[in-house]
Amino acid sequence: NDYLAARKQEAGSRKGTRIGSQTLLHELHALSSLFRRAVAEGAATENPVVRLSEKPRIERREAVWLELGEGARLLDAAAALDRKPHRTLPYLAPILATFLLTGARRGEVFGLEVEDISREHDVIHLRDNRWRKLKRSRHCRHIPLWPQLNDVLTAYQERYDRTTGLLFPAPRSGMLSDIRAGIRTAVSNAEIEKQVTPHTFRHTYAAARMQTTDHGAPVPFGKKKQA
C-alpha cells in the first residue's frame, strides 16, 4: 500500500499527469511474479502483493474510431503539415496512412523495415527485427497491402531514400518513439473533436473492415469482382 501511495504521487510521462492505473497494475503483476519466484526459491517468506487491500482499477471507456470522412481529413491535414518547410518529421501523412490501413500497433509501424513491404505478394510482414521485438509470437503476421496504401508508400519511398533499413526512421537516427504531438496538430487542423491516439487507428481499421461485407461476410483481400 505504501508503494502504491508513493507511485501515485509521481509524475507521468506527459506533463501535468500522474502515473496511470494501467502502469501501476503492470508493476504490481511484475512484483507479484518476482515474489512468487522468491518464495519458491526460499529467498522470501510471502508475496506481499496478494495482501493488498485494494488494487488500481481500470476504467473501461467506449472505443473511439474515426469515420471515413474524418480519416480522410486527418490525412489531408497531415499532408499539409508535411509540405511546410523545416518540419522535424516531414512524413507524418505516410505514417498515419500506414496506421489507418493496417490496424498495426504503434511499435509495429515504427519498426517496419523497407523489406517488410512485399509488393510482389501485396502484403506487409509484421515480424521481429533488430529494431524491436513483437510482444507475443502470435503478433507475427502478414497483413494486406491495400492499393491505397501501396500508392502512398510508393510515392513516399520515391521521395525519401532510406539507408537505415527502417521504413520510417527517426529524424536523427534509430526508430521513432513518439508522434503524438504531430497527431494532435493534425487532429486539430482537421477539426476532429475526438481524442485520437495511435490505438484509435486500430479501432478505425477494425470498424472499417467490419463495415466492408459481402452478403454479411467480410470481403477477403484480393477478391475479384464477378464478370
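Treat the numbers as computed from the prediction; the structure is a model and nothing was measured.
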L176 versus P171, closest heavy-atom pair with distance:
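Minimum heavy-atom separation between L176 and P171: CD2-CD, 4.0 Å.
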As a quick check of understanding, evaluate side chain to side chain donor-acceptor pair (under 3.5 Å) for R36 and S32, giving each step before the final call.
CA-CA 6 Å; R36 282 200 304 270; S32 184; 3.1 Å; yes
Rounded to the nearest 0.5 Å, what separation is found between the [atom1] atom of [X] and the [atom2] atom of [Y]?
X	Y	atom1	atom2	value
F201	T98	CZ	OG1	11.0 Å
E191	L74	CD	CG	12.5 Å
E115	N129	CD	CG	8.5 Å
Q195	I183	CD	CD1	11.5 Å

State whether [X] and [Y] are salt-bridged, where the test is any N-O pair (Lys NZ or Arg NE/NH1/NH2 against Asp/Glu carboxylate O) under 4.0 Å.
X	Y	answer
E27	R7	yes
D82	R87	no
R132	E113	no

Using a cut-off of 6.0 Å, state whether more than 12 heavy atoms not belonging to E10 lie near its atom CD.
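Result for CD/E10: enclosed.
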Are the aromatic rings of F168 and F110 close, with centres under 6.0 Å apart?
no
Are the aromatic ring centres of F99 and Y205 under 6.0 angstrom apart?
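F99 vs Y205: aromatic centres not under 6.0 Å.
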With a 3.5 Å distance limit and no angle check, can you tell me whether K194 reaches the backbone of V64 through a side-chain donor-acceptor pair?
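Pair absent, no side-chain N/O of K194 close to backbone of V64.
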R202 side chain to G103 backbone, donor-acceptor under 3.5 Å:
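Pair found, side chain donor or acceptor close to backbone of G103.
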Kindly indicate, with the supporting measurements, whether the criterion side-chain contact (heavy atoms from CB on, under 4.5 Å) is fulfilled by L126 and H142.
CA-CA 6 Å; L126 293 179; H142 314 288; over 6 Å; no
